[in-house]
Amino acid sequence: MALIVQKYGGTSVGSPERIRNVAARLLATQAEGHRVVAVVSAMGGVTNRLIELASEVTAGAKTTEREMDVLLATGEQTSIALTAMAINSLGGSACSLTGAQAGISTDGVHTKARIANITPEKIHELLDGGQIVVVAGFQGTTTDGSITTLGRGGSDLTAIALAGALKADLCQIFTDVDGVYTCDPRVVKDAKKIEEISYDELLEMASSGSKVMQSRSVEFAKKFGVVFEVRSSLNNNPGTLVKEENMSMEAVVIRGVSLERDQAKITISGVSDVPGVAAKIFQRISDANIVVDMIVQNVSRTGIADISFTLTKAELGKAKEVLEPLVSQFGGSAKLDAEDGIAKLSVVGIGMRSHSGVASQMFQALAEAGINILMISTSEIKTAVIIAEDRIDQAANVVHRAFGLSGATA
Ligand code: ASP
Ligand code: MG
């Protein structure tokens, strides 16, 4: 008998029929002789709708974050009750628990709380009584009893953390895709499902656009060694296993290719090559809470340098606004240029640590397709380029093929 944690996302519980499907799956798992804990998200679209309602009643003013959490937690509270009812109506025996009832304590940082500890006695008690325990994802409680939420996508974190605290034998994240793919199958038709991926690779792929799970929950899984599987709630296909890397994983040079659209670039040219210039620029950017991705500074000639960086297109306006006054202060030949219509293509794989030539192979594939590279950045397990957005689909396909991801099973 194994203890299994199964998490079902918003699409998987998105309608009464889908909830009945989840209930039937949970019962089938229990019928195989296992102890079953379910973690469910709010029904698809509900969290967004609650956020909209909040902004309507406050006429766009800043909402009180404590109240926001009370509001958002209702989404998951609805789905645990409905899921437990559906299980019971199918002849099973289920009990729903809010985050607080499940023993999930967090710090007091409303809307993005961190889990402090989990005391799962109640869950064990119910499991001992033969029940399926249905826990609300995304929420917890402070020690003084305020409801908190764990940041968007936080049900993943609830599932991973519970699996760790309960020492579960298996943690399955059910979603509306079959697992993690070598590239977005909507872009690369012959992308393959990846059987096994390391935590670090999944994190890099998520940060470069292939979002299947909340990044915080993958970091948590890595820290506590929680192995989990990402798979579909709509079929019985095996999914992708996410775990610590091993030697055989290194044999594959590139695990996947990810793409991120809607990027933008700012170049500040003609600034003096003296200490403090970059500090001033990025201080303004961070004060405005803008997230920067790649940063490139050229080698200065005659004491003048250019600094470029990328950010999301949505934040371009705000970035220009905070930087333009600074650029005028710089005076001289300093000038700001902003550009959107660009995208990022990344290849990710832990095998890159032990194989050379990845960057050149990627650049060669792009060159043969006549695709111009605007910027390049690398990490230990990733090589990324910025290119024109209207070439990104083609670029993903040629690079995917160049690394043999289209033919072989990954
Ligand atoms: N319902 C929350 C959200 O939409 C949490 C989750 O689905 O994981 O972000
Ligand atoms: Mg989700």
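Order of appearance sets the numbers: ligands from 1, and atoms from 1 within every ligand.
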Return yes when atom [atom1] of [X] has more than 12 non-hydrogen atoms of other residues, nucleotides or ligands closer than 6.0 Å, and no otherwise.
X      : atom1 : value
Met85  : CE    : no
Arg391 : CZ    : yes
Gln77  : CD    : no

Is Gly137 in contact with ligand 1, taking contact as a heavy-atom separation below 4.0 Å?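 In this structure, Gly137 fails to qualify as a contact of ligand 1 - no heavy atom is under 4.0 Å.
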
Looking only at distance, does Lys7 have an N or O less than 3.5 Å from an N or O of ligand 1?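 Between Lys7 and ligand 1 (N or O atoms, distance only) the closest approach is not under 3.5 Å.
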
Close N or O approach (Glu76, ligand 1; < 3.5 Å):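 Yes: some nitrogen or oxygen of Glu76 is under 3.5 Å from one in ligand 1.
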
Let me confirm one number: the CE-OG distance from Met352 to Ser379, rounded to the nearest 0.5 Å.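 If I round to the nearest 0.5 Å, the distance is 7.0 Å.
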
Drop me the distance from Arg186's CZ to Tyr181's OH, to the nearest 0.5 angstrom.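 These two atoms lie 12.0 Å from each other.
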
Can you list every pair that meets salt bridge (charged side-chain N to carboxylate O under 4.0 Å, His left out) and has a residue in residues 223-249, with sequence neighbours left out?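 Salt bridge (charged side-chain N to carboxylate O under 4.0 Å, His left out) check on residues 223-249 returns Glu196-Lys243, Glu229-Arg231, Glu245-Arg353.
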
Please compare Met213, Arg152, Gln139 and report which has the shortest non-hydrogen distance to atom 9 (O) of ligand 1.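 Residue with the shortest heavy-atom distance to the ligand atom: Arg152.
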
Under a 4.0 angstrom heavy-atom cut-off, which atoms of ligand 1 come close to [X]?
X      : answer
Ser41  : 6 (C), 7 (O), 8 (O)
Gly153 : 3 (C), 5 (C), 6 (C), 8 (O), 9 (O)
Phe138 : 2 (C), 5 (C)

